[in-house]
> 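Before we start, here is the structure in question, set down as C-alpha cells.
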Amino acid sequence: MDKLPRVFANPINKEFDNVQHMYHDSGNRTAVDPRRLNRKINEIFASSDHVYKSKVKITYSDHSEEAVIVGKTNIHLLTIDGKLIKITDIVDIEKI
C-alpha cells in the first residue's frame, strides 16, 4: 500500500454563504373557503335576474369595492369595463 496515488484536493479559498433566507407572512388574512366562494359566485351567475351583468360588492383582505361583473373563468372575474379580478384575492362577494 505504499504506492497509492495522491488524491488532489482543491483548496477552498472563498467564503460560503449557505444561509437560506426565510419568509414569514404575519399579515392578518382571513381564511377563505374557496368552495364557499365559488358557490357564491356561481349563485350570482345562475340567478334569474342575472341576464348579462350583476352589480356586486367584492371584499378583499384590505378593502372592498363595487363592480359590475359580466363573466367568469376558472381564475378570474371579468368586469364590464374589462378589468380582470383574481378570484384568489377575493375574501367575500355579495350581490347588490
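Count residues from 1 along the sequence. We use all heavy atoms of the structure for the numbers below, so side chains are in, but hydrogens, waters and symmetry mates are not. Quick caveat, the model's predicted, so the values are computed rather than measured.
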> Any heavy-atom pair between the side chains of I90 and I58 that's under 4.5 Å?
yes
> With a 4.5 Å cut-off on side-chain heavy-atom distances among I, L, V, M, F, W and Y, is there a chain of contacts connecting I69 to V91?
yes
> In Å, rounded to the nearest 0.5 Å, how long is the span from NZ of K95 to CZ of F45?
9.5 Å
> Is E94 salt-bridged to K40, going by a charged N under 4.0 Å from an acidic O?
no
> Can you tell me how far the NZ atom of K72 sits from the CD1 atom of I41, to the nearest 0.5 Å?
6.5 Å
> With sequence neighbours left out, write down each residue that passes side-chain hydrogen bond (donor to acceptor under 3.5 Å, both in side chains) with S64, or none if nothing qualifies.
none
> Show the numbers, then the answer: is there a side-chain contact (heavy atoms from CB on, under 4.5 Å) between T79 and E65?
CA-CA 12 Å; T79 64; E65 68 179 30; over 6 Å; no
> Could you list the residues that satisfy side chain to side chain contact (heavy atoms under 4.5 Å, CB included) with I12, not counting sequence neighbours?
F16
> A side-chain contact here means heavy atoms from C-beta on lying under 4.5 Å apart; do I96 and V56 qualify?
no
> Can we say D92 and K57 salt-bridge, meaning some charged N sits less than 4.0 Å from an Asp/Glu carboxylate O?
no
> Got I87 and L37 here, is their nearest side-chain heavy-atom distance under 4.5 Å?
yes
> What I want to find out is whether D33 reaches R35 closely enough, with some N-O distance under 4.0 Å, to be called a salt bridge.
yes
> With E43, which residues qualify under salt bridge (charged side-chain N to carboxylate O under 4.0 Å, His left out), at least two apart?
none
> Let me confirm one number: the CD1-OG distance from I93 to S54, rounded to the nearest 0.5 Å.
9.0 Å
> Which residues satisfy the side chain to side chain contact (heavy atoms under 4.5 Å, CB included) test with E15, sequence neighbours excluded?
none
> Going by side chain to side chain contact (heavy atoms under 4.5 Å, CB included), name the residues that satisfy it together with Y52, two or more places apart in sequence or in a different chain.
V70, I80
> Which ring pair (Phe, Tyr, Trp, His ring centres under 6.0 Å) pairs, counting each pair once, include a residue from residues 63-92, with sequence neighbours left out?
Y60-H63
> Tell me, do L78 and L84 make a side-chain contact under 4.5 Å, heavy atoms counted?
yes
